Amino acid sequence: PENVNFRQRVLLTQFTTTGCTWCPSMKLVLKDALDATYSEKVVKVDCHSSTMGRNDPAYVNLKEFEEQCDGLLPSVNLDMIETTGYYQAWGADGSAVQGMIDKWYDFKDGKAAGISVNSVASDDQIVAKVTVKAAETGTYRVGIMLLEDNIVANSSQTQQGSGAADWMNTHNSIVRYMDSKYASGSGSRYYGHSLGEIAKGETSDYVFILDLPSIWDAGSLKAEQNACTWAKTWVKEELHLAVFVTTVGTDGKNEFYYVSNVVDCPIDGATPFEYK
């Protein structure tokens with residue numbers, strides 16, 4: 001219980017789509033930003049937006065999540081608290097994005113919650129037991145993303161826009177589903193399910209059960225129900241998880257939810273706490 005010095009990471013969500021002609025500029029900036037040093041500081045996920053064209057093999061129907069992050073396209077969101085679009089803050093290289101990563105990475109240094117995950121995958125179901133350990137006493141929430149790698153575009157689905165390159169047509173860490181919404185309708189929030197208050201050094205558990213056929217049949221992933229004729233079911237061997245914990249922070253004037261920590265983990269295996 002006395003060891004609460006956890007390694008922290010920033011959750012970086014890229015909102016994009018193959019039909020976005022400005023997105024190649026964003027992708028190039030992010031590729032420059034996430035060098036060997038900065039890729040270790042983040043868990044990067046991609047949410048392929050419904051805002052523009054749906055001729056996209058990685059499309060997912062998470063419109064409310066996009067709206068929470070200001071609905072900008074292209075855009076990058078950090079820790080579910082700061083969103084920026086290409087024309088607002090980015091230069092020709094990745095330095096501006098690196099500066100934003102540093103801001104939130106440093107903000108939670110010494111405060112980041114610890115996350116461990118034990119997950120088991122059967123033919124049609126993923127069960128993930130998440131244990132959260134508090135670095136400081138506070139209220140916490142937990143959420144999970146189902147991610148998929150190696151979604152490859154065919155000739156009709158390739159990235160549009162000036163600067164588009166072949167590597168942009170293989171999509172990794174694509175958000176396929178989220179189990180983290182605690183409020184619906186206007187002002188929907190995806191900060192996660194409540195764990196209540198956890199004292200410093202203590203833990204709390206939450207179990208996620210992802211029933212893959214039910215998720216697909218219900219339409220959360222079945223994007224062809226939303227006019228995307230290219231969508232296909234997932235490839236199980238390419239699935240992994242992002243588990244995140246949120247809490248309340250302050251800048252001295254205002255309080256806000258933000259991602260305290262996040263881990264990328266397999267759908268079948270153990271991910272222990274990471275201490276510094």
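Please read all numbers here as calculations on a predicted model, not as lab measurements. Side chains are part of it too, since the values below use all heavy atoms of this structure and drop only hydrogens, waters and symmetry mates.
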TODO: State plainly whether one hydrophobic cluster holds both Phe273 and Val263, where clusters connect Ile, Leu, Val, Met, Phe, Trp and Tyr through side-chain heavy atoms under 4.5 angstrom apart.
DONE: no
- [ ] List the steps, then state whether side-chain contact (heavy atoms from CB on, under 4.5 Å) holds for Ile144 with Met178.
- [x] CA-CA 6 Å; Ile144 196 168; Met178 290 179 65; over 6 Å; no
Task: Gln14 side-chain N/O to Lys44 backbone N/O, donor-acceptor pair under 3.5 Å - done: no
Task: Straight-line distance of Leu212 CG to Leu239 CG, nearest 0.5 Å - done: 7.0 Å
- [ ] Determine whether Phe208 and Lys129 make a side-chain contact, defined as any pair of heavy atoms from C-beta on separated by less than 4.5 Å.
- [x] no
Task: Steps toward salt bridge (charged side-chain N to carboxylate O under 4.0 Å, His left out) verdict (Lys200, Glu2) - done: CA-CA 8 Å; Lys200 179 179 179 178; Glu2 66 275 8; over 6 Å; no
- [ ] Could you tell me whether Asp166 atom CG has more than 12 heavy atoms of other residues or ligands within 6.0 Å of it?
- [x] no
Task: Trp167 six-ring face occupied by Lys31 cation (under 6.0 Å, within 45°) - done: yes
TODO: To the nearest 0.5 Å, tell me how far Met168 CE sits from Leu28 CG.
DONE: 4.0 Å
TODO: Check the hydrophobic clustering (I, L, V, M, F, W, Y; side-chain heavy atoms under 4.5 Å; chains of links allowed) and say if Leu78 and Val29 are grouped together.
DONE: yes
- [ ] Give, for atom CG of Asp149 and atom OG1 of Thr170, the distance between the pair rounded to the nearest 0.5 Å.
- [x] 10.5 Å
TODO: Look at Asp264 together with Arg9 and state whether they make a salt bridge at an N to O cut-off of under 4.0 Å.
DONE: no
TODO: State whether a side-chain donor-acceptor pair under 3.5 Å links Thr131 with Asp205.
DONE: yes
Open item on the list: Any non-hydrogen side-chain atom of Val245 less than 4.5 Å from a side-chain atom of Arg141?
Closed with: no
Task: Glu148 and His171, any side-chain heavy atoms less than 4.5 Å apart - done: no
Task: Check: Thr203 side chain, Val132 main-chain N or O, donor-acceptor pair, under 3.5 Å - done: no
Open item on the list: Closer than 3.5 angstrom, by distance alone: can the side chain of Gln159 be matched with the main-chain N or O of Cys20 as a donor-acceptor pair?
Closed with: yes
TODO: Please answer whether the main-chain N or O of Thr18 pairs with a side-chain N or O of Asp56 as donor and acceptor at a distance below 3.5 Å.
DONE: yes
- [ ] Look at the aromatic rings of Tyr257 and Tyr182 and report parallel, tilted or perpendicular, splitting at 30° and 60°.
- [x] tilted
TODO: Could you tell me whether Lys111 and Asp109 make a salt bridge, using a distance below 4.0 angstrom between a side-chain N and a carboxylate O?
DONE: no
Open item on the list: Would you say Val43 ends up clustered with Phe6 if hydrophobic residues are merged whenever their side chains have heavy atoms under 4.5 Å apart, either directly or through other cluster members?
Closed with: no
TODO: Please assess Met145 against Val45 for the test side-chain contact (heavy atoms from CB on, under 4.5 Å), listing each intermediate value before the final yes or no.
DONE: CA-CA 9 Å; Met145 297 179 179; Val45 302; 4.0 Å; yes
Task: Leu241 versus Pro266, closest heavy-atom pair with distance - done: CD1-O, 3.7 Å
Task: Side-chain donor or acceptor of Asn5 paired with backbone N/O of Lys276 under 3.5 Å - done: no
Open item on the list: I need the minimum non-hydrogen distance between Pro24 and Ala164, along with the two atoms involved.
Closed with: CB-N, 3.7 Å
- [ ] Identify the heavy atoms of Ala36 and Ser39 that sit nearest to each other, and give their distance.
- [x] O-OG, 3.3 Å
Task: Sidechain-backbone polar pair: Asp79 side chain, Ile81 backbone, donor-acceptor under 3.5 Å - done: no
Task: Distance-minimising heavy-atom pair for Ala113 and Asn261 - done: O-ND2, 2.8 Å
Task: No-hydrogen, no-angle side-chain donor-acceptor test under 3.5 Å, Asp46 and Ser173 - done: no
Task: Smallest separation among heavy atoms of Glu136 and Tyr140, with atom names - done: O-OH, 2.6 Å
Task: Validation row: Val248, Phe256 side chains within 4.5 angstrom (heavy atoms) - done: no
- [ ] For residues Val76 and Glu82, determine if any side-chain heavy atom of one lies less than 4.5 Å from a side-chain heavy atom of the other.
- [x] no
Task: Joint cluster assignment, Leu34 & Ile174, ILVMFWY side-chain distance < 4.5 Å - done: no
Task: His48 and Phe15, any side-chain heavy atoms less than 4.5 Å apart - done: no
Task: Proximity of His193 and Tyr206 rings by center, below 6.0 Å - done: yes
Open item on the list: Is there a ring-ring contact (aromatic ring centres under 6.0 Å, His included) between Tyr258 and Phe107? Walk through the geometry before answering.
Closed with: CA-CA 10 Å; Tyr258 73 100; Phe107 177 81; 5.1 Å; yes
TODO: Nearest 0.5 Å please: distance from the CG atom of Asp179 over to the CG atom of Leu210.
DONE: 6.5 Å
- [ ] Give the minimum heavy-atom separation between Ala135 and Gly110, together with the two atoms involved.
- [x] CB-O, 4.0 Å
- [ ] Can you measure from CG (Asp106) to NZ (Lys41) and round to the nearest 0.5 angstrom?
- [x] 6.5 Å
Task: Flag side-chain contact, heavy atom, 4.5 Å: Cys265 against Val243 - done: yes
- [ ] Please examine the side chains of Asn150 and Asn172, heavy atoms only from C-beta on, and report whether any two atoms are closer than 4.5 Å.
- [x] yes
Open item on the list: Evaluate Val117 against Ile115 for side-chain contact (heavy atoms from CB on, under 4.5 Å), listing each step before the verdict.
Closed with: CA-CA 7 Å; Val117 184; Ile115 304 172; 4.0 Å; yes
Open item on the list: With a 3.5 Å distance limit and no angle check, can you tell me whether Thr250 reaches the backbone of Glu255 through a side-chain donor-acceptor pair?
Closed with: no
- [ ] Would you confirm whether Thr246, through its side chain, and Tyr191, through its main-chain N or O, come within 3.5 Å as a donor-acceptor pair?
- [x] yes
- [ ] Run through Leu146, Asp268, Val120 and flag the one making a side-chain contact (heavy atoms from CB on, under 4.5 Å) with Ile126.
- [x] Leu146
TODO: Answer yes or no: is there a donor N or O on one side and an acceptor on the other, between the side chain of Lys27 and the main chain of Ala165, under 3.5 Å?
DONE: no
- [ ] Quick one: pull up OH in Tyr38 and CD1 in Ile101 and give me the separation to the nearest 0.5 Å.
- [x] 7.0 Å
TODO: For the pair Val127 and Val207, evaluate side-chain contact (heavy atoms from CB on, under 4.5 Å) and give the outcome as yes or no after the intermediate values.
DONE: CA-CA 7 Å; Val127 179; Val207 177; 3.9 Å; yes
Task: Pair Arg7 + Glu40: basic N to acidic O under 4.0 Å - done: yes
Open item on the list: Same cluster or not: Val97 versus Val10, using hydrophobic residues (I, L, V, M, F, W, Y) connected whenever any side-chain heavy atoms lie under 4.5 Å apart?
Closed with: yes
